[in-house]
Amino acid sequence: MKPRLTAPLSLLCVLVLTATFAGAIHAKESAPVARHIILVIGDGMEPENEIAAGRYLTGTDDGAAFHAFPYRGFVATWDVTTYNRQAPRYGAAPYNPSTINPRVGCDAVPSGKAAARRNVPRYACRAPEGPKPHGADSASTATAWAAGHKTDSGNIAWLPGDPDRGALKTIAELLKEKRGYAIGIVTTVPFSDATPAAQVSHNKSRQNLHAISDEILRTVQPEVVIGGGHPARNGARHMSLALYDDIKNGRIGAYVFVERREGVDGGKSLKEAAALAVAQKKKLFGLFGGPEGHFEPPVPTDNGSAAVTRATIENPLLKDATRAALKVLSKNKNGFFLLVEQGDIDLANHANDYRWMIGAMWDLDEAVRAAIDFVNRPGDDITWANTLLIVTSDHVTGSMRLNDGKRLGKGRLPAQSPGLCPDKLSWCPGYPGGEVSYSATGHINEPVSLYAMGDSSLTKHLRPFEGTWYPCTPLIDNTQLFHAMTNAAGIPQPSPLKAIVTRPTACQPGK
């Protein structure tokens with residue numbers, strides 16, 4: 001982290017961050033280029049989940065693979081819906097991309113300690129008087145880093161206000177058009193769900209699942225699509241039977257198709273399909289999932305071993321899907337962009353289910369390790385000098401807290417019993433031992449962690465954005481993550497957003 005000035009606040013200045021700021025922070029064409037970008041999302045993951053996973057996996061607060069990454073920061077996650085709910089409390093006008101007051105979205109203050117950074121605070125968004133607003137959703141947050149725009153909750157790569165011609169160009173599309181990169185999405189939830197969909201489709205509503213899945217497979221046609229949503233398992237909610245029939249029978253694109261089958265190891269069949277796609281120079285579509293659309297989550301043990309078992313062999317693990325995607329995408333000599341999402345962290349936190357969350361966090365960690373191992377392989381041109389691996393979250397879900405007075409050790413889980421959710425309206429697990437507590441079941445407007453690994457010439461693109469919208473903190477905005485990635489890839493984009501920031505001439509101690 002940058003050193004912070006400790007002089008008391010005295011003078012204030014106002015800085016207007018315009019499109020020229022984002023354009024000024026970019027890689028020159030002669031500078032090293034990220035020819036391979038892997039963006040890993042722990043959907044709904046908050047810093048406390050990271051600490052819980054580290055303790056379960058290794059007995060330490062920083063035991064996840066990404067906790068060792070050289071770049072570590074924080075991301076603000078608010079969207080237009082959150083901003084407009086808070087604006088009256090700050091006496092501010094509704095959201096206008098030309099006059100954004102970032103403090104309305106997140107008035108960032110230190111809040112506790114962060115995993116992997118024992119002497120560094122994590123951050124909260126201080127709320128003005130009144131009920132704390134609901135946090136952004138996965139559609140708007142994914143749009144932020146995919147397209148560099150703030151938008152309404154529920155929008156998939158679409159402008160706020162839902163104008164008829166509001167589709168936004170995404171980083172995946174830009175990299176494909178300008179650099180010839182292959183693009184891929186991998187997720188443990190339906191492939192037409194918000195986070196993967198915002199990279200490779202455009203829609204006014206995340207609920208238009210059939211239209212979204214049609215656009216992904218019939219129009220955009222990424223080189224790799226792996227996820228849940230198998231129509232035979234969940235009543236064709238996430239994709240139509242007509243689309244399923246067309247893709248299965250080879251009438252769309254040049255995909256090798258692999259699906260969940262009774263009694264068949266999904267990880268093994270996906271690996272074989274990836275090898276076939278490479279041999280035949282085709283794309284890869286893997287369709288899995290259970291009755292709810294997502295992969296049945298891994299199950300952690302409670303015997304001190306930190307062993308996690310598969311709920312069923314019929315779905316691949318996220319690491320299997322990541323390896324398969326990388327095998328296919330890496331054959332493109334121009335480069336690739338891959339979005340990898342562990343979506344069950346969000347589902348588990350909505351349910352206040354600690355065990356479910358731990359299994360999902362293990363799945364995420366294993367996928368990150370698989371990506372690291374892939375880059376570390378000898379004998380090819382994929383190295384850390386040309387690869388940028390980012391791990392972050394889209395938003396906080398559930399507001400879980402650990403009781404350090406009753407610390408759980410490696411491979412240990414708290415007892416769970418039936419209980420009421422924090423809203424007192426539905427059932428959630430209870431924790432009679434007091435080791436764990438939840439204060440919400442929904443999304444919370446809080447910053448999330450950000451980790452990056454690669455050559456310093458690539459990860460350095462994140463550093464200049466720190467504190468530009470949120471003074472005296474290391475926070476970057478989720479829209480700035482888009483610019484950091486496009487800058488690293490050598491295709492800097494002008495920012496459509498203008499932030500009006502009141503900047504102190506000195507920062508208070510501890511900020």
Residues at least two apart in sequence or cross-chain that pass salt bridge (Lys or Arg N to Asp or Glu O under 4.0 Å) with Asp344, listed by chain then number, are none

Who are the salt bridge (Lys or Arg N to Asp or Glu O under 4.0 Å) partners of Asp193, not counting sequence neighbours? Arg206

Test of understanding: with side-chain hydrogen bond (donor to acceptor under 3.5 Å, both in side chains), list the residues that count as partners of Asn84, not counting sequence neighbours. none

Where the side chain of Asn203 meets the backbone of Ile212, is there a donor-acceptor pair that is under 3.5 Å apart? no

Step by step, would you call Leu450 with Phe74 a side-chain contact (heavy atoms from CB on, under 4.5 Å)? CA-CA 5 Å; Leu450 172 67; Phe74 298 93; 6.0 Å; no

The reported gap from CZ in Arg407 to CG in Leu402 (rounded to nearest 0.5 angstrom) is 9.0 Å

Looking only at non-hydrogen atoms, find the nearest pair between Thr473 and Ala108 and report the distance. CG2-CB, 4.1 Å

Which value, rounded to the nearest 0.5 Å, describes the distance between Cys472 atom SG and Glu466 atom CD? 13.0 Å

Is there a donor-acceptor pair under 3.5 Å between the side chain of Thr170 and the backbone N or O of Val200? no

Please collect all salt bridge (Lys or Arg N to Asp or Glu O under 4.0 Å) contacts where either partner lies in residues 386-396, sequence neighbours excluded, each pair once. none

With sequence neighbours left out, what residues match Arg103 under side-chain hydrogen bond (donor to acceptor under 3.5 Å, both in side chains)? Asp107

So OH of Tyr71 and OH of Tyr451: to nearest 0.5 Å the spacing works out to 11.5 Å

CG of Asp43 to CD of Gln342, rounded to nearest 0.5 Å, is 8.5 Å

Which pairs, with at least one residue in residues 73-83 and sequence neighbours excluded, count as a salt bridge (Lys or Arg N to Asp or Glu O under 4.0 Å)? none

Are any side-chain N or O atoms of Asp346 and backbone N or O atoms of Gly343, one a donor and one an acceptor, separated by less than 3.5 Å? no

Salt bridge (Lys or Arg N to Asp or Glu O under 4.0 Å) contacts touching residues 152-162 (sequence neighbours left out): none

Between Leu389 and the options Leu39, Val375, Val40, the side-chain contact (heavy atoms from CB on, under 4.5 Å) test singles out Val40

Partner residues of Asp423 under the salt bridge (Lys or Arg N to Asp or Glu O under 4.0 Å) criterion, sequence neighbours left out: none

For the residue pair Tyr181 and Phe337, is the inter-centroid distance of their aromatic rings smaller than 6.0 Å? no

Mark yes or no for whether Glu177, through its side chain, and Leu174, through its backbone, hold a donor-acceptor pair below 3.5 Å. no

Is there a side-chain contact between Trp384 and Thr459, using heavy atoms and a 4.5 Å cut-off? no

Ignoring hydrogens, what is the shortest heavy-atom contact between Glu223 and Ala182? Give both atom names and the distance. OE1-CA, 3.6 Å

Without swapping roles, check the side chain of His483 against the backbone of Gln493 for a donor-acceptor pair under 3.5 Å. yes

Are the aromatic ring centres of Trp78 and Tyr83 under 6.0 angstrom apart? yes

Inspect the contact between Glu446 and Arg122 and indicate whether a charged nitrogen and a carboxylate oxygen are less than 4.0 angstrom apart. no

Within the side chain of Asp353, is there an N or O that forms a donor-acceptor pair under 3.5 Å with the backbone of Trp356? yes

Counterpart residues, side-chain hydrogen bond (donor to acceptor under 3.5 Å, both in side chains), relative to Glu215 (two or more places apart): His202

Flag side-chain contact, heavy atom, 4.5 Å: Ile156 against Ser205: no

Below 4.0 angstrom, N of the basic side chain to O of the carboxylate: do Lys319 and Glu366 qualify? yes

Would you check if the side chain of Asp365 reaches a backbone N or O of Ala65 as a donor-acceptor pair within less than 3.5 Å? yes

Please step through side-chain contact (heavy atoms from CB on, under 4.5 Å) for the pair Asp137 and Thr141, ending with a clear verdict. CA-CA 6 Å; Asp137 84 328; Thr141 50; 5.6 Å; no

Minimal non-hydrogen separation, Gly398 against Glu46, with atom names: C-OE2, 4.3 Å

Is there a donor-acceptor contact under 3.5 Å from the side chain of Thr468 to the main chain of Phe465? yes

Applying side chain to side chain contact (heavy atoms under 4.5 Å, CB included), name anything that partners Leu159, two or more places apart in sequence or on another chain. His149, Pro163, Leu168

Centroid-centroid distance, His443 to His350, less than 6.0 Å: yes

Can you list the residues that meet the side-chain hydrogen bond (donor to acceptor under 3.5 Å, both in side chains) rule with Asn101, with sequence neighbours excluded? none

Are Thr151 and Ser140 close enough that some pair of their side-chain heavy atoms sits under 4.5 Å apart? yes

With sequence neighbours excluded, tell me which residues meet salt bridge (Lys or Arg N to Asp or Glu O under 4.0 Å) with Arg55. Asp61, Asp404

Check against side-chain contact (heavy atoms from CB on, under 4.5 Å), Arg72 and Ser449: CA-CA 7 Å; Arg72 293 163 293 190; Ser449 298; over 6 Å; no

Ring-plane angle category for Tyr431 and Tyr354, please: parallel below 30°, perpendicular beyond 60°, tilted otherwise. perpendicular

When rounded to the nearest 0.5 angstrom, what distance separates CG in Leu458 from CG in Asn487? 11.5 Å

Is there a donor-acceptor pair under 3.5 Å between the side chain of Thr479 and the backbone N or O of Gly148? no

A side-chain contact here means heavy atoms from C-beta on lying under 4.5 Å apart; do Ile100 and Trp469 qualify? yes

Verify, without hydrogens or angle tests, whether Thr188 (side chain) and Gly227 (backbone) share a donor-acceptor contact under 3.5 angstrom. no

Taken to the nearest 0.5 Å, the spacing of His395 NE2 from Asn478 CG works out to 11.0 Å

Run the salt bridge (charged side-chain N to carboxylate O under 4.0 Å, His left out) test on Lys150 and Asp477 for me, step by step, so that the C-alpha distance in whole Å, both residues' side-chain angles and the decisive distance to 0.1 Å come before the verdict. CA-CA 10 Å; Lys150 294 287 187 181; Asp477 193 71; 3.1 Å; yes

